[in-house]
Protein chains: 2
Amino acid sequence: MPVAEPRAAKTRRRTRIQAEREELILEAALEVFSAHGFRGATIDQIAEQAGMSKPNLLYYFQNKEVMHRMLIDRLLETWLEPLRRLDAEGEPLTEIRSYIRRKLEMARDYPRESRLFANEILQGAPRIADEMEDLKKLVDEKARVISRWIERGKLARVDPYHMIFSIWATTQHYADFDAQVCKVLGPKRSGEGRFEDAARYLDQLFLGGLKP
Amino acid sequence: MPVAEPRAAKTRRRTRIQAEREELILEAALEVFSAHGFRGATIDQIAEQAGMSKPNLLYYFQNKEVMHRMLIDRLLETWLEPLRRLDAEGEPLTEIRSYIRRKLEMARDYPRESRLFANEILQGAPRIADEMEDLKKLVDEKARVISRWIERGKLARVDPYHMIFSIWATTQHYADFDAQVCKVLGPKRSGEGRFEDAARYLDQLFLGGLKP
DNA sequence: GAAAAAATTGACCGGTTGGTAAAGATTACA
DNA sequence: TGTAATCTTTACCAACCGGTCAATTTTTTC
């Protein structure tokens, strides 16, 4: 009888080792995928990063795509959280300011996740059509919130969609283009302080540009 | 006697066919590299896109890296032109506005070039250390120009480096994250009009955020 | 129009890559 | 403690990929 894939088993519950190893593998996969893209990453690399053999890794994940898909799904969950928290009842400029802060913190704390996502979008988002659907719904909803703020004169008359794009672009830039940012800032300024400088600048830019 | 590589020939001048074919290949290579990244692109794919056999392609370019390098070098030349044109003697807000416009036009007209570059930076810019050096010099120079504008009270007191990053991020976003932008805007708004909407929004954001 | 040079092709090669088969080692549980 | 389930490894394979070779066809040149 062939060895049963653990995740194919129906009701059999996950063992301790399964949970540990899967976590270990996903961590390694994130490291490799975010650095080389889906196509550029090899299973061997991921296995080595995880400290196990390739067949052993494939015992936990049927193939490369399953790993990648699982990472993207996880990522989007936490990635969109800051936008979900944008509160229609809050003070508009404060809400936007908090949103920018949170996004920038995520770029600082989870750059690999940001790059994983960027890699995927850059190549036309071929593997994540479904997830993009949810993303669109969320953005549509929050765009309406922003429109209402504008109607009430709490915000400059800007296009809510492009406003959201500009927040994504400016904050994720510090994760996705980190190599360029550090190179241009030079060794002296490319310590962790760059995120505080960025936060200060983005505050100025957006508060100045968006106030009614 | 082995067939001589045309570009290895010292004084022999390029034939008509050489010029045509090399152009054809670089165009195909841009298409494929920008869509799949360096590692994800295969010579076979590029050859097919260019409508020739793989050995034929390799008759013009020694290997994959040479093609890639040539594309990157060309790209950076035109890519940095808008920043070079930022004129210290001009009216600061007008200069910055023109810079944003030009960058946005480039994102619209040369999205593949933008994605090629983004792919490279995203993976840590391993193949373009030299080019990054030139980039840094140019940015340093222009950052000084911006600082002088600020000293003269022509611009809000912002960090010039982060200001440049934010312009790069917001404009290139429309090329690099095009798949996401179009998905979120939906079919109705994702025609070419999105660039005009973006230009309008970015004008508001930056003029509002940067005026003294 | 013939010889030389340039361009093109099919066949091929060694290394890599995603993934499998099957047997052995370890762990959980009765 | 025995044994069944789980986990791990070695050996392997077929497809792919970057690149070469040698022979053929096309173009240029005299």
Side-chain angles (χ1 to χ4, degrees), chain A residues 1-26 28-29 31-33 35-71 126-127, chain B residues 1-26 28-29 31-33 35-71 126-127:
Chain A
M1 188 167 28
V3 178
E5 284 291 340
R7 32 194 52 267
K10 287 147 201 173
T11 22
R12 199 173 298 143
R13 73 175 194 281
R14 285 155 58 100
T15 64
R16 174 184 55 86
I17 292 181
Q18 253 173 62
E20 283 173 16
R21 301 301 251 176
E22 285 181 13
E23 213 48 50
L24 186 70
I25 291 168
L26 284 176
E31 188 71 27
V32 178
F33 278 133
H36 304 292
F38 181 77
R39 195 67 212 293
T42 71
I43 299 182
D44 282 291
Q45 266 178 306
I46 299 171
E48 198 197 331
Q49 181 81 25
M52 66 179 75
S53 66
K54 179 167 62 170
N56 197 182
L57 183 153
L58 286 165
Y59 172 74
Y60 292 101
F61 292 91
Q62 292 90 325
N63 56 46
K64 205 172 150 180
E65 231 171 295
V66 169
M67 273 186 283
H68 191 259
R69 161 66 66 133
M70 195 164 299
L71 282 173
R127 281 172 286 269
Chain B
M1 186 164 37
V3 177
E5 284 289 340
R7 32 193 54 265
K10 285 149 204 174
T11 21
R12 198 172 298 144
R13 74 176 194 282
R14 284 157 59 102
T15 65
R16 173 184 56 84
I17 292 182
Q18 252 172 63
E20 283 173 14
R21 300 304 250 175
E22 284 182 14
E23 214 46 51
L24 186 70
I25 291 167
L26 285 175
E31 187 71 26
V32 177
F33 279 134
H36 304 293
F38 181 78
R39 194 71 211 294
T42 72
I43 299 182
D44 283 290
Q45 267 178 304
I46 298 171
E48 198 196 332
Q49 181 81 25
M52 66 179 73
S53 65
K54 179 167 62 171
N56 197 182
L57 184 153
L58 287 166
Y59 173 75
Y60 293 101
F61 292 90
Q62 291 91 324
N63 56 45
K64 203 172 150 182
E65 230 169 296
V66 169
M67 276 186 279
H68 190 259
R69 162 66 68 137
M70 194 164 298
L71 282 172
R127 280 171 286 269

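Just so it is clear, the values below take in all heavy atoms, side chains as well, and ignore hydrogens, waters and symmetry mates. Letters A, B, ... mirror the listed sequences (proteins, then strands); counts begin at 1. Quick caveat: nothing in here was measured; it's all calculated off a predicted structure.
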Student: Write down the distance between CD (A:E20) and P (D:dC7), rounded to a whole number of angstrom.
Tutor: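 Result: 10 Å.
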
Student: Give a yes or no on whether the backbone of B:Y59 and the side-chain of B:N56 come within a donor-acceptor separation of less than 3.5 Å.
Tutor: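 No, the answer is negative, given that no donor and acceptor are paired below the 3.5 Å cut-off.
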
Student: Could you state the CG-C1' distance from A:L58 to D:dC7, rounded to the nearest angstrom?
Tutor: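 Spelled out: CG on A:L58 to C1' on D:dC7 is 14 Å.
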
Student: Please work out which of the three classes, parallel, tilted or perpendicular, describes the rings of A:H68 and A:F33, given edges at 30° and 60°.
Tutor: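 Ring orientation of A:F33 relative to A:H68: perpendicular.
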
Student: Find the distance B:I25:CD1 to C:dA7:P and express it as a whole number of Å.
Tutor: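 Value for this atom pair: 11 Å.
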
Student: Find which nucleotide of DNA chain C each of A:E65 and B:G51 is nearest to by heavy atoms, and output the residue with the more 5' nucleotide.
Tutor: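 Upstream on the strand: B:G51.
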
Student: Give the minimum heavy-atom separation between A:I46 and A:I25, together with the two atoms involved.
Tutor: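 Looks like CG2-O, 4.2 Å.
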
Student: Nearest to the side chain of A:Q18, which nucleotide is it out of D:dC7, D:dG18, C:dT9?
Tutor: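 Looking only at side-chain atoms, A:Q18 lies closest to D:dC7.
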
Student: Which residue pairs pass the salt bridge (charged side-chain N to carboxylate O under 4.0 Å, His left out) test when at least one of the two sits in residues 50-68 of chain B, sequence neighbours left out?
Tutor: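 Residue pairs passing salt bridge (charged side-chain N to carboxylate O under 4.0 Å, His left out), neighbours aside: B:D44-B:K54.
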
Student: Could you state the atom-to-atom distance from CE of A:M52 to P of C:dG19 in whole Å?
Tutor: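 My rounded result for the distance is 17 Å.
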
Student: Do you know the tightest heavy-atom contact between B:A28 and B:Q49?
Tutor: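 It is CB-CG, 3.5 Å.
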
Student: What is the distance, to the nearest angstrom, from the OH atom on A:Y59 to the C1' atom on C:dA25?
Tutor: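 Distance check: A:Y59 OH to C:dA25 C1' gives 13 Å.
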
Student: Do any side-chain nitrogens or oxygens of A:S53 fall under 4.0 Å of OP1 or OP2 in D:dT9?
Tutor: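 It does, given that an N or O in the side chain of A:S53 lies less than 4.0 Å from OP1 or OP2 of D:dT9.
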
Student: Starting at atom CE of A:M67, determine the distance to atom C1' of C:dG19, rounded to an integer number of angstrom.
Tutor: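 Checked: the CE to C1' distance equals 11 Å.
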
Student: If you take any heavy atom closer than 4.0 Å to DNA chain C, which residues from residues 39-47 of chain A end up in contact?
Tutor: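 Residues of residues 39-47 of chain A under 4.0 Å from DNA chain C: A:A41, A:T42, A:I43.
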
Student: Would you mind telling me which of D:dT9, C:dT8, D:dG18 lies closest to the side-chain atoms of B:Y60?
Tutor: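 From the listed options, C:dT8 comes nearest.
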
Student: Taking CG from A:N63 and P from C:dT20, how many angstroms apart are they, rounded to a whole number?
Tutor: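 A:N63 atom CG is separated from C:dT20 atom P by 8 Å.
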
Student: Could you tell me the separation between the CZ atom of B:F61 and the P atom of D:dT20, rounded to a whole number of Å?
Tutor: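 In whole Å, D:dT20 P lies 15 Å from B:F61 CZ.
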
Student: Return the minimal non-hydrogen interatomic distance between A:M67 and A:L26, and the atom names on each side.
Tutor: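 Nearest heavy atoms, A:M67 then A:L26: O-CD2, 4.1 Å.
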
Student: Verify the contact: side-chain N or O of A:N56 to OP1 or OP2 of D:dT9, cut-off strictly under 4.0 Å; return yes or no.
Tutor: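 For D:dT9, OP1 or OP2 has a side-chain N or O of A:N56 closer than 4.0 Å.
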
Student: Do you know the tightest heavy-atom contact between B:I43 and B:L58?
Tutor: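 Residues B:I43 and B:L58, closest heavy atoms: CD1-CD2, 4.1 Å.
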
Student: With a 4.0 Å limit, can you tell me whether B:R21 has a side-chain N or O closer than that to the phosphate oxygens OP1/OP2 of C:dT8?
Tutor: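 For C:dT8, OP1 or OP2 has a side-chain N or O of B:R21 closer than 4.0 Å.
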
Student: Any donor-acceptor pair under 3.5 Å joining the side chain of B:K64 to the base of D:dG19?
Tutor: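 For B:K64, whose side chain was compared with the base of D:dG19, there is no donor-acceptor pair (under 3.5 Å).
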
